[in-house]
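Numbers here are sequence positions counted from 1.
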Amino acid sequence: MGLVVRLLYGSGPRIMEAVRLRIKDVDFSRRQIVVRDGKGAKDRQVPLPDTIAAPLRAQVEQALEIHAQDRAKGVVGVWLPYALARKYPNAAVESGWQYVFCASGIGLDRREGVQRRHHMDPDRVQRAVKRATQAAGIMKPVTCHTFRHSFATHLLESGADIRTVQEILGHADVSTTQIYTHVLNRGAAGMRSPLDNA
């Protein structure tokens, strides 16, 4: 659970984009992740933080072990989007298509009426975030989406170009990304008091 949250803050995906991450879309050598079929049905690339590369690699290995156990039990592969299942009939059982954050158990795929392993339930992550927020005594509302906002804000604070942030977040319009610039202003009209500079 903690690794998903670190990914949310470290790379800026939406929660569903994070839990639906497939093994083939993690590129450790280039330190990037491809977010497939994001909002607006678009793919985009996001950074893979160095600090989570090793734990993410371990998560991938664990997902591959679970997949091997599932195959030994005759469990059908993962769900494939659109017509890929017809075009590539073996892809559902190939390692690269497996979810990095797979569900802890096998469940019914109502679309096809078969048992398969799905991705982690995003509600589990949200509940864990809520528990952690309460345990830390944080009074402000915190959701999984809060980490995405923090990611964007901190990128801009560190000097990242707004167009780059727009691209990483997958915003269709830069005006959506500009909402994060309000936090960069300090004080009235974005000015710093002379007393703070003394």
Side-chain angles (χ1 to χ4, degrees), residues 1-129 144-145 147-148 151-152 155 167-170:
M1 217 65 63
L3 184 55
V4 177
V5 173
R6 290 171 70 190
L7 180 65
L8 294 176
Y9 173 65
S11 299
R14 297 169 181 90
I15 182 61
M16 286 306 294
E17 294 169 344
V19 298
R20 288 179 177 163
L21 181 62
R22 310 255 186 176
I23 291 172
K24 69 181 185 60
D25 294 324
V26 180
D27 188 338
F28 290 103
S29 62
R30 297 187 72 199
R31 289 290 199 255
Q32 71 179 17
I33 295 170
V34 178
V35 174
R36 301 280 179 193
D37 200 24
K39 197 171 183 178
K42 294 181 181 176
D43 296 349
R44 67 183 192 282
Q45 297 172 348
V46 300
L48 169 56
D50 291 339
T51 56
I52 67 167
L56 191 59
R57 192 180 298 273
Q59 180 66 35
V60 166
E61 292 301 320
Q62 181 182 5
L64 289 172
E65 287 176 26
I66 291 169
H67 174 57
Q69 294 167 7
D70 286 350
R71 294 299 300 140
K73 294 175 186 173
V75 176
V76 298
V78 293
W79 174 80
L80 292 178
Y82 314 116
L84 285 174
R86 287 190 304 275
K87 187 173 182 180
Y88 305 109
N90 294 325
V93 296
E94 291 175 2
S95 298
W97 282 98
Q98 305 313 302
Y99 294 112
V100 173
F101 301 106
C102 56
S104 56
I106 303 296
L108 177 67
D109 183 342
R110 290 186 182 93
R111 291 169 289 222
E112 298 177 21
V114 296
Q115 296 287 326
R116 65 172 82 237
R117 191 171 299 273
H118 300 279
H119 56 73
M120 178 186 288
D121 183 351
D123 290 341
R124 286 187 59 212
V125 182
Q126 186 59 55
R127 286 191 297 270
V129 167
C144 288
H145 209 69
F147 297 104
R148 179 174 161 84
F151 168 79
L155 277 182
E167 187 176 310
I168 291 171
L169 293 177

Could you list all the salt bridge (charged side-chain N to carboxylate O under 4.0 Å, His left out) pairs where at least one residue sits in residues 64-81, not counting sequence neighbours?
Asp70-Arg117

May I ask you to test the Phe101-Gln59 pair for a side-chain heavy-atom distance under 4.5 Å?
yes

Arg116 side-chain N/O to Val78 backbone N/O, donor-acceptor pair under 3.5 Å
yes

Could you please spell out the steps behind the side chain to side chain contact (heavy atoms under 4.5 Å, CB included) verdict for Asp27 and Leu48?
CA-CA 8 Å; Asp27 188 338; Leu48 169 56; over 6 Å; no

Hey, could you give me the CZ/CD1 distance between Phe28 and Ile33, rounded to the nearest 0.5 Å?
8.0 Å

Are the side chains of Leu56 and Arg6 in contact, using a 4.5 Å heavy-atom criterion?
no

Distance-only criterion, 3.5 Å: show the donor-acceptor pairs between side-chain atoms of residues 89-99 and protein atoms not counting sequence neighbours.
from: Gln98; atom 1: OE1; to: His67; atom 2: ND1; distance (Å): 3.3
from: Gln98; atom 1: NE2; to: Ala92; atom 2: O; distance (Å): 3.0
from: Gln98; atom 1: NE2; to: Glu94; atom 2: O; distance (Å): 2.8
from: Tyr99; atom 1: OH; to: Arg22; atom 2: NH2; distance (Å): 3.3

Using the rule given for side chain to side chain contact (heavy atoms under 4.5 Å, CB included), can you reason through Arg127 versus Met1, listing the C-alpha separation, both sets of side-chain angles and the distance that settles it, and then say yes or no?
CA-CA 10 Å; Arg127 286 191 297 270; Met1 217 65 63; over 6 Å; no

Ignoring hydrogens, what is the shortest heavy-atom contact between Cys144 and Val129? Give both atom names and the distance.
SG-CG2, 4.1 Å

Are Gln115 and Leu108 close enough that some pair of their side-chain heavy atoms sits under 4.5 Å apart?
yes

Nearest heavy-atom pair of Gln45 and Val34: which atoms, and what distance?
CG-CG2, 4.3 Å

Please confirm whether the backbone N or O of Asp37 pairs with a side-chain atom of Asp43, one donor and one acceptor, at under 3.5 Å?
yes

Tell me, do Val5 and Val125 make a side-chain contact under 4.5 Å, heavy atoms counted?
yes

So, taking the atom named NE2 in His119 and the one named SG in Cys102, what distance separates them when rounded to the nearest 0.5 Å?
11.5 Å

Leu169 versus Ala152, closest heavy-atom pair with distance:
CD1-CB, 3.6 Å

Crowding at CZ, Arg110 (>12 non-hydrogen neighbours, <6.0 Å)
no

Please list, one pair per line, the donor and acceptor atoms closer than 3.5 Å that link side chains of residues 7-20 to other protein atoms, with sequence neighbours excluded.
from: Tyr9; atom 1: OH; to: His154; atom 2: ND1; distance (Å): 2.7
from: Ser11; atom 1: OG; to: Pro47; atom 2: O; distance (Å): 2.5
from: Arg14; atom 1: NH1; to: Glu17; atom 2: OE2; distance (Å): 2.8
from: Glu17; atom 1: OE1; to: Arg14; atom 2: N; distance (Å): 2.8
from: Glu17; atom 1: OE1; to: Arg44; atom 2: NH2; distance (Å): 2.7
from: Glu17; atom 1: OE2; to: Arg44; atom 2: NH1; distance (Å): 3.1

Please report the shortest heavy-atom distance between Asp121 and Asp123, naming the atom on each side.
OD1-N, 2.9 Å

Side chains of Leu80 and Tyr88: closer than 4.5 Å at any heavy-atom pair?
no

